[in-house]
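To keep things clear, I will list the structure first and then write my remarks on it.
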Amino acid sequence: MDGTPLIAIDNLTFSYRESGGQGTTREVLHGITLDVQRGEHVAVLGHNGSGKSTLAKLLNLILEPDSGTIRIDGIEITDPDLSDADILTLRKKIGMVFQNPDNQMVATIAEEEVAFGPENLGLPSSEIRERVDAAMDAVGMTAFAKKETARLSGGQKQRIAIAGILAMEPECIVLDEPTSMLDPQGRKDVMKVIETLNRERGVTIVHITHDMNEAARAGRVIILNDGRIEMDGTPEEVFSDPDRLETLRLSVPQCTALMHALKKEGLNFEGPVARPEDCIEALCRALGGGR
Ligand SMILES: Nc1ncnc2c1ncn2[C@@H]1O[C@H](COP(=O)(O)OP(=O)(O)OP(=O)(O)O)[C@@H](O)[C@H]1O
Ligand SMILES: [Mg+2]
């Protein structure tokens, strides 16, 4: 299947039924066309109500589109006659992590939580053990294996939720604002896990976020605006025009804003930057110090 995008979305539209209305519907995604290649780390940005979570739910078979198609690794998930075997294959290929870890926890003990998915796959217990240990290790939660999930911090719970998805050995993880309920350290820990999974294990990441600094860590940033794709490019490309982002009710990462402000003051930089490490590099060069 080389060359086939892992996710291929073609002209996807989706409407919600209006509550109380007599069969009235409101279209919230208007013809989304988008490919995600294996191994990509994509951030999805967009103001409240722009359609990000709706798109995530369509990817995870929670919602069905009005028209258009989604293919995951060549399997058309939007096919109404999708077989149970295909659904199982898809559930293994693509995992979802939501905003509130409390809503996705099913077990009382951390390692039981992580084992839940592989147990449902009917795997032999020795393999479940191996997968759970590997997943706990990957998110840095081995020491918490026997702890009650209720006693974990938000960031620790979110890492357990990610481990539960990892134990299914998915090719892709879609995360819908996984850090928005966490404190700064919890956010950092979860971001580190996301980046390591992508870089070291080649897991494809689709990360929905409102945090521009987190989005800047992705290889590609997609901006949704009122149910349409408005921008799609590297963080440097997408964040190069702060005024345009403002019209989309978004902002730029802090270091991009700093560089723009310094440019206005006459300091000369080469290109836009989106990540702190690139900002330091550019500043050192501009100030003539080198590194
Ligand atoms: N269950 C629902 N029934 C009806 N309309 C809905 C439902 N869920 C979402 N919507 C509407 O669909 C649109 C897209 O919502 P969605 O939740 O996908 O946006 P979002 O980009 O995830 O927003 P946020 O940043 O606030 O999470 C919004 O106008 C929202 O009001
Ligand atoms: Mg949302």
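Both ligands and their constituent atoms are indexed starting at 1 by order of listing.
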Please report whether ligand 1 has a polar contact with [X], defined as an N or O pair separated by less than 3.5 Å (distance criterion only).
| X | answer |
| --- | --- |
| R17 | no |
| V28 | no |
| G51 | yes |

When you measure from [atom] to every protein heavy atom, which one gives the shortest distance, and what is it?
| atom | answer |
| --- | --- |
| atom 14 (C) of ligand 1 | G49 O, 3.4 Å |
| atom 8 (N) of ligand 1 | Y16 CZ, 3.4 Å |
| atom 27 (O) of ligand 1 | E177 OE2, 3.4 Å |
| atom 17 (O) of ligand 1 | S53 CB, 3.8 Å |

Per atom 29 (O) of ligand 1, closest listed option by heavy atom (E18, R26, K52): R26
Considering the heavy atoms of T54, write down every atom of ligand 1 situated less than 4.0 Å from one of them. 14 (C), 15 (O), 16 (P), 18 (O)
Atom indices of ligand 1, in the order listed, that fall short of 4.0 Å to a heavy atom of N48: 23 (O), 24 (P), 25 (O), 26 (O)
Could you tell me whether D189 and R159 make a salt bridge, using a distance below 4.0 angstrom between a side-chain N and a carboxylate O? yes
Test: E230 and R244 ion pair at under 4.0 Å: yes
Does Q99 have a non-hydrogen atom less than 4.0 Å from ligand 1? no
Show, in sequence, the C-alpha distance, side-chain angles and deciding distance for E169 and K92, and conclude whether the salt bridge (charged side-chain N to carboxylate O under 4.0 Å, His left out) test is met. CA-CA 7 Å; E169 301 190 343; K92 285 192 256 182; over 6 Å; no
Using only heavy-atom distances, determine whether the side chains of N225 and S50 contain a donor-acceptor pair under 3.5 Å. no
Going by side chain to side chain contact (heavy atoms under 4.5 Å, CB included), name the residues that satisfy it together with L262, two or more places apart in sequence or in a different chain. L258, L267, F269, L283
Quick check on the Mg ion (ligand 2): does S53 put an N/O/S atom closer than 2.8 Å to it? yes
Hey, does E236 have a side-chain heavy atom less than 4.5 Å from the side chain of P272? yes
Measure the CG-CG distance between L29 and L63 for me, rounded to the nearest 0.5 Å. 9.0 Å
Check the pair E277 / R217 against salt bridge (charged side-chain N to carboxylate O under 4.0 Å, His left out), numbers first and verdict last. CA-CA 11 Å; E277 55 269 34; R217 308 222 64 87; 2.7 Å; yes
